[in-house]
Amino acid sequence: MPENTAEQLPQLDNVRDNATQEDFKMKNKVYEMLLYAYPALEQFPKSDRKLADHIREAILQVFELVIHLENKHYKKTTLGELDDQLDVLRHLVRLAADQQLHPDKKTCLPIRKYEILSRKINEIGCMIGGYYKSLNGSTAGNGGAANKSNGK
């Protein structure tokens, strides 16, 4: 699947009254990541299907949390859960691309797919950090999710 598929994807709609534009953009980014990751996960060897299932579940949980975020009035708790789940996903994807997992075989996730998927995860992480900052009303304050998404 080509990397620049945002123009080709159907835009998710039904933005709620209490949802912001950030919710809508984040939901579309997660949807785009999900569509990219699923075919890659199908190519995992049988011995690593459990890892593929965990990655798939983590992506679906991120997607679910973004939908919950859209529907909630108080968003900070859900945003923190979303940031934590994205961090779990980041580490699972890294594990799938690590050559040391199976030194005598090729990795479950080829390096090119890992790079693309990591970029998508980092982009969502930056969106979470920016969202945290907008909820706090300044750049100071909640260091947790904002710093995690910036790699600090």
Shortest non-hydrogen contact from [X] toward [Y]:
{"X": "Lys75", "Y": "Leu69", "result": "NZ-O, 2.7 Å"}
{"X": "Gly125", "Y": "Arg90", "result": "CA-NH2, 4.4 Å"}
{"X": "Glu32", "Y": "Lys120", "result": "OE2-NZ, 3.0 Å"}
{"X": "Leu95", "Y": "Leu51", "result": "CD2-CD1, 4.0 Å"}
{"X": "Arg56", "Y": "Glu42", "result": "NH2-OE2, 3.2 Å"}
{"X": "Leu92", "Y": "His54", "result": "CD1-O, 3.8 Å"}

Under a 4.5 Å cut-off applied to non-hydrogen side-chain atoms, are [X] and [Y] in contact?
{"X": "Phe44", "Y": "Leu109", "result": "yes"}
{"X": "Ile116", "Y": "Arg119", "result": "yes"}
{"X": "Lys76", "Y": "Asn136", "result": "yes"}
{"X": "Thr107", "Y": "His102", "result": "no"}

Let me confirm one number: the [atom1]-[atom2] distance from [X] to [Y], rounded to the nearest 0.5 Å.
{"X": "Lys27", "Y": "Glu70", "atom1": "NZ", "atom2": "CD", "result": "3.5 Å"}
{"X": "Leu86", "Y": "Met127", "atom1": "CG", "atom2": "CE", "result": "11.5 Å"}
{"X": "Tyr114", "Y": "Ile121", "atom1": "OH", "atom2": "CD1", "result": "8.5 Å"}
{"X": "Gln85", "Y": "Ile128", "atom1": "CD", "atom2": "CD1", "result": "10.5 Å"}
{"X": "Thr77", "Y": "Leu65", "atom1": "OG1", "atom2": "CG", "result": "11.5 Å"}
{"X": "Ile59", "Y": "Glu57", "atom1": "CD1", "atom2": "CD", "result": "10.5 Å"}

Is Asp53 paired with Lys50 through a side-chain N to carboxylate O contact shorter than 4.0 Å? no

Determine yes or no for a side-chain-to-main-chain donor-acceptor pair under 3.5 angstrom, with Ser134 supplying the side chain and Tyr131 the backbone. yes

Can any side-chain N or O of Gln99 pair as donor or acceptor with the backbone N or O of Asp104 at less than 3.5 Å? no

Would you kindly say whether Lys113 and Gln43 are connected by a side-chain donor-acceptor distance under 3.5 Å? yes

Verify the neighbour count for atom CZ of Arg94: are there more than 12 heavy atoms of other residues, nucleotides or ligands below 6.0 Å? no

